[in-house]
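The structure under discussion appears below in the form of structure tokens.
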Number of protein chains: 2
Amino acid sequence: MNYHAILHSLIADNQVSDPASARGRLLHEAARLFRDKGYERTTVRDLAAAVGIQSGSLFHHFRTKEEILKAVMVETIRLNTALMQAAVDAAETDRDKLQALVRAELESINGQTGEAMAVLVFEWRSLSETSRAYVLELRDIYEQLWLDVLEALRKDGMLAAEPFVVRRMLTGALSWTVTWYRPDGGLTLDDLTEQVVAMMGLTASRP
Amino acid sequence: MNYHAILHSLIADNQVSDPASARGRLLHEAARLFRDKGYERTTVRDLAAAVGIQSGSLFHHFRTKEEILKAVMVETIRLNTALMQAAVDAAETDRDKLQALVRAELESINGQTGEAMAVLVFEWRSLSETSRAYVLELRDIYEQLWLDVLEALRKDGMLAAEPFVVRRMLTGALSWTVTWYRPDGGLTLDDLTEQVVAMMGLTASRP
DNA sequence: GTTTACAAACCAAGCGCTTGCTTGGTATTG
DNA sequence: CAATACCAAGCAAGCGCTTGGTTTGTAAAC
């Protein structure tokens with residue numbers, strides 16, 4: 001299953017919006033604006049202008065501004081959970097599964113869904129209490145994918161630290177790449193993946 | 001040099017505000033509010049109320065709200081640069097210097113200056129262009145401390161990845177602890193430091 | 001194949017409120 | 001007696017969101 005197959009399967013299930021639809025385009029622009037200026041600094045007038053409508057018209061699609069933020073986050077987690085699951089399934093060994101997860105998360109942070117992922121990392125404080133609870137629920141599913149692989153590695157003595165600590169350190173390390181990594185800087189995402197795996201003392205995959 | 005000695009030396013040099021002064025207390029409360037609610041969601045009325053004055057009176061101490069944010073960040077970097085320098089100076093081997101840096105950064109993120117450090121990580125987008133340039137200048141000095149140690153380790157073959165990549169991954173990983181680490185969770189900062197160093201494949205320091 | 005019906009998508013205008021900041025004047029302090 | 005720190009009041013601008021009405025797309029009815 002490649003990126004597009006997964007995406008369209010989720011669209012068919014009404015789990016994420018079609019990027020071609022009005023709602024999908026709005027969420028895409030919202031993610032970009034929220035990342036660039038922050039949620040609070042982005043006005044409903046900014047959002048409306050980005051898709052070429054009047055600010056009041058936004059509220060036919062979403063009841064509140066916060067609902068837009070929530071939708072960006074929820075759909076992003078759903079998509080990425082599916083992408084990570086596919087990455088894990090495609091790899092053979094636990095070590096390769098971890099490498100695939102790192103590669104996939106770097107991809108989602110710095111590639112297609114990068115804008116929305118940055119929002120997920122930096123704007124969770126702007127969510128209401130109830131929205132936050134829902135997003136955290138979805139995140140737990142996502143995190144379990146990682147923990148399963150890390151615990152298997154730990155069991156085989158290939159990991160020198162606690163899985164849950166490792167995962168949290170990786171979350172921070174990989175999320176942070178959004179602030180400095182630029183694909184045109186002579187460092188590919190494959191290079192970066194390799195460095196991360198090397199840094200963890202897991203030697204390169206032997207064919 | 002311990003924490004208090006370093007702090008008071010910086011106060012004497014007018015590099016940071018005395019926490020007992022009106023300005024110092026305001027900056028401390030501002031850091032707390034900015035971390036908890038975000039810069040944009042914190043109003044000047046919130047800030048004023050936190051130190052028990054009227055909102056208008058704030059502007060006798062700072063010309064704009066953004067100047068308060070800048071001051072929080074600048075003073076925090078200054079203090080932490082001095083703390084890191086002391087940590088490096090106190091350690092003997094390069095490996096111990098790295099461990100000392102990790103420990104000190106974890107301390108600054110999760111201890112005394114934690115509120116301000118979180119602001120530094122999450123609120124840099126709210127800085128004006130010029131303030132940001134100045135803060136980045138100060139940060140470069142801070143970062144060089146890390147790079148010097150990491151490059152020495154790399155030279156001795158104790159590091160499997162590029163120093164600048166390692167530092168950026170560490171920045172993310174350690175900053176991120178602010179979102180999940182709680183001192184009462186059965187994991188001390190020393191434990192955490194150990195896990196980080198172990199995760200990097202650097203074996204424990206032998207006495 | 002035109003008409004009718006109707007909902008969804010949108011606009012123009014603006015309301016009520018909060019925001020950062022200003023102003024003119026009054027305590028407080030050395 | 002000057003400088004510093006503060007208060008009480010409020011202004012102009014920008015905010016999220018509402019309202020009442022118009023356009024647009026779609027599909028059945030004739």
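Inspection of the E75(B) and S17(B) side chains reveals an N or O donor paired with an N or O acceptor under 3.5 Å.
For R45(A) and dG16(D), a side-chain-to-base donor-acceptor distance below 3.5 Å is present, hydrogens and geometry of angles not being considered.
Counting only heavy atoms from C-beta outward, the side chains of L106(A) and Y181(A) never approach each other to under 4.5 Å.
Residue L58(A) contributes atom CG, which lies 15 Å from atom P of dA12(C) at whole-angstrom precision. Rounded to whole Å, the distance from CZ on F62(B) to C1' on dG20(C) is 15 Å. Between the P atom of dA12(C) and the CD1 atom of I53(A) lies a distance of 12 Å, rounded to the nearest Å. Computed from coordinates, the K65(B) NZ to dC21(C) P distance equals 8 Å when rounded to whole Å. Protein atom CD of E40(A) is 15 Å distant from nucleotide atom P of dT18(C), rounded to whole Å. If you take CD of Q54(A) and P of dT19(D), they are 18 Å apart, rounded to a whole angstrom. Rounding to whole angstrom units, CG of residue L69(A) and P of dC17(D) are separated by 12 Å. Whole-Å rounding puts the H60(B) NE2 to dC21(C) P distance at 14 Å.
Within the structure, salt bridge (Lys or Arg N to Asp or Glu O under 4.0 Å) pairs that include any residue of residues 45-54 of chain A comprise K37(A)-D46(A) (at least two apart or interchain).
Comparing R63(A) and R41(A) by the nucleotide of DNA chain D whose heavy atom lies nearest to each, the residue mapping closer to the 5' end is R41(A). When each of E66(B) and H61(A) is assigned the nucleotide of DNA chain C with its nearest heavy atom, H61(A) is the one assigned upstream, toward the 5' end.
Here the rule is salt bridge (charged side-chain N to carboxylate O under 4.0 Å, His left out) with R167(B), and of E151(B), E162(B), E105(B) only E105(B) fits it.
Among the protein residues, T43(A) comes within range of the sugar-phosphate backbone only, with heavy atoms under 4.0 Å from sugar or phosphate atoms but none that close to a base. Base contact: S55(A) has a heavy atom under 4.0 Å from a base atom.
In this model, the phosphate group of dC11(C) is approached by a side-chain N or O of S57(A) to a distance below 4.0 Å at OP1 or OP2.
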Problem set entry | Audit row: L33(B), Y39(B), side chain to side chain contact (heavy atoms under 4.5 Å, CB included) steps and yes/no | CA-CA 8 Å; L33(B) 284 166; Y39(B) 172 77; over 6 Å; no

